[in-house]
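Both backbone and side-chain heavy atoms feed into the values below; hydrogens, waters and symmetry mates do not.
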Amino acid sequence: MANIIKTLKGTKDILPQDVNMWQFVEQKAQKIFSSYGFKEIRTPIIEITELFSRGVGDTTDIVNKEMYTFEKSDRSITLRPENTAGVVRSYIENGMSRLSAPVKLWYKGPMFRYERPQAGRQRQFHQVGVEMFGLKQPTADAEVILMAVNFLKSLGLNDLDVEINSLGCPNCRSEFKEKLKKAIKPYLKDLCEDCQNRFEKNPLRLLDCKVEDCQKIFAKPEIQDVLTSDFLCEECSEHYTELKLYLDRMGVKYTENKLLVRGLDYYTRTVFEIKSNNLGSQNAVCGGGRYDGLVSQLGGDETPAIGFAMGMERLISLIEKKEPKKLDCYIVSNFPADTFILAEELRSFGFNVEFDLANKKFAKQLEKASKVAKYAVILGEDEILKHEVSIKNLETGTQITVRREDLPKNIKQ
RNA sequence: GCGUCUGUCGUCAAGCGGUUAAGACCUCGGAUUGUGGUUCCGAUAUGCAUGGGUUCGAAUCCCAUCAGACGCCCCA
């Protein structure tokens with residue numbers, strides 16, 4: 001056992017006994033997102049590195065220190081750390097701006113980030129997400145948030161907190177950033193190391209620092225005044241107000257969190273996050289927002305867009321474990337040639353069927369059947385001669401013998 | 001990249017310087033060559049993450065490495 005090969009750090013096998021949970025989430029995603037007119041898209045897992053440095057943002061941790069990047073044929077290639085950039089690339093490359101707006105897309109698949117694993121965080125992890133292109137109206141924001149909430153409800157997750165905020169547009173946001181920096185600057189040297197970094201890189205992130213001394217400084221009135229000031233320009237403010245109106249009318253419960261700042265550079269105006277109290281410190285199951293500047297930044301026409309991503313591992317850890325399904329039938333017989341034929345017949349009716357390929361004893365076969373199947377179909381010498389089969393319901397123990405052609409209608413799927 | 005804790009069979013574990021390395025589950029075989037899920041027997045770690053060290057003696061103590069869990073940063 002010493003030299004067996006193991007999965008890489010931060011990666012996991014999804015074993016057969018857990019696959020049904022994944023399928024459950026994927027099927028719900030397919031069903032709910034389709035019901036809003038979203039179409040699935042599958043983009044490559046590897047992309048040119050530039051896509052992410054330009055799309056996700058040079059200053060983000062994701063691009064700076066978390067990407068799996070390698071050189072191949074003089075090109076720098078990267079395993080996707082998220083999928084918005086890839087979907088935007090595809091939208092532009094395939095001329096989807098010529099389709100009638102909105103263009104609604106959803107995806108699922110693995111993402112890769114070189115990080116230290118912890119609860120709810122893997123190096124290879126999986127997301128389901130959606131992107132909607134071409135609509136600047138807050139109705140789009142409302143539909144996307146509503147759909148996220150309904151998707152989570154369909155998984156049986158009802159007690160999650162939805163938080164929303166508006167970051168404003170590039171104009172009003174940069175004004176706000178300057179004001180904030182001006183207010184904090186006098187105290188800069190007293191802040192923790194992380195905060196000092198954030199001050200330059202992303203001043204909005206300063207707000208959620210957990211260090212007590214930093215919090216004390218941020219609590220000062222002159223900083224609080226800036227924080228609570230309404231910095232949104234008229235248009236952004238209207239957009240945000242209208243979104244809240246729709247959410248209220250739809251009965252979506254949310255809290256406004258002025259400190260909510262998504263970590264990726266591309267977000268504008270609406271940002272939102274959906275959190276659970278049962279996940280440990282990585283408590284967001286969903287994060288998303290509007291990114292009106294990204295399509296043009298990646299070389300497409302000016303196109304407003306909004307989307308979200310959810311972490312599948314986090315979702316699955318919150319939903320109740322489901323028992324894997326049993327086989328419909330296990331055929332018990334010591335006549336393999338006849339059993340092959342019977343098994344194929346049953347399979348053609350849509351049943352899941354297995355039988356013993358090792359010619360084990362009758363009792364052993366029945367024991368196996370009771371563990372893996374709902375029915376044991378017994379095909380012995382007597383049955384073969386009379387052109388019959390015996391069907392044993394393994395839960396109730398009752399057994400009947402029927403003519404062979406009547407077998408399918410005596411099995412409940 | 002930093003911090004804390006943890007690594008004994010496929011799984012869950014006892015052991016805490018001298019044991020033949022408990023036990024349970026799973027798996028396999030038998031009691032039981034056409035009737036299972038109950039029961040009863042039996043099999044399955046020359047091995048304690050890996051590599052060094054301390055010791056007469058190490059799964060037990062020390063160091064390093066690797067891996068896992070959780071937290072920080074950041075994010076889904």
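- Taking side-chain N and O atoms only, K6(A) has no distance below 4.0 Å to OP1 or OP2 of A67(B).
- With both ends at atom C1', the span from U60(B) to C48(B) equals 10 Å, rounded to whole Å.
- Nucleic acid contact for A369(A): none, since no nucleic acid atom lies under 4.0 Å from a heavy atom of the residue.
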What string of B, S and - do you get for nucleotides 33-45 of chain B 5' to 3' if you count protein non-hydrogen atoms under 4.0 Å?
SBBBB--------
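- Contacts of Q282(A) with the nucleic acid, taken as non-hydrogen atoms under 4.0 Å apart, include base atoms.
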N/O donor to acceptor pairs below 3.5 angstrom from side-chain atoms of residues 167-180 of chain A, sequence neighbours left out:
| residue | atom | partner | partner atom | Å |
| --- | --- | --- | --- | --- |
| R173(A) | NH2 | Y267(A) | O | 2.6 |
| S174(A) | OG | P170(A) | O | 3.0 |
| S174(A) | OG | N171(A) | O | 3.1 |

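- Using a 4.0 Å heavy-atom distance criterion, Q17(A) is classed as making no nucleic acid contact.
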Across nucleotides 3-9 of chain B, 5' to 3', mark each nucleotide with B, S or - according to how protein heavy atoms within less than 4.0 Å reach it.
B------
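- Considering only heavy atoms from C-beta on, K275(A) stays 4.5 Å or farther from L160(A) through its side chain.
- Between Y91(A) and F133(A), the ring planes lie parallel to each other; the angle is under 30°, not in the 30° to 60° tilted range.
- Under the 6.0 Å cut-off for aromatic ring centres, W106(A) and F33(A) qualify, their centroids lying closer than that.
- Relative to the ring axis of F151(A), K28(A) does not place its NZ or CZ within 45° and under 6.0 Å from the centre.
- Distance check on atom C1': G30(B) versus C66(B) gives 43 Å, rounded to whole Å.
- Side-chain N/O atoms of Q118(A) include one lying less than 4.0 angstrom from OP1 or OP2 on G71(B).
- Note: F340(A) and F355(A) meet the aromatic proximity criterion, with ring centroids under 6.0 Å apart.
- For the pair K72(A) and F70(A), the NZ or CZ position fails the cation-pi test of under 6.0 Å to the six-membered ring centre and within 45 degrees of the ring normal.
- A salt bridge links E40(A) and K108(A); the closest N-O separation between the charged side-chain nitrogens and carboxylate oxygens is under 4.0 Å.
- No contact: G288(A) has no heavy atom under 4.0 Å from any strand.
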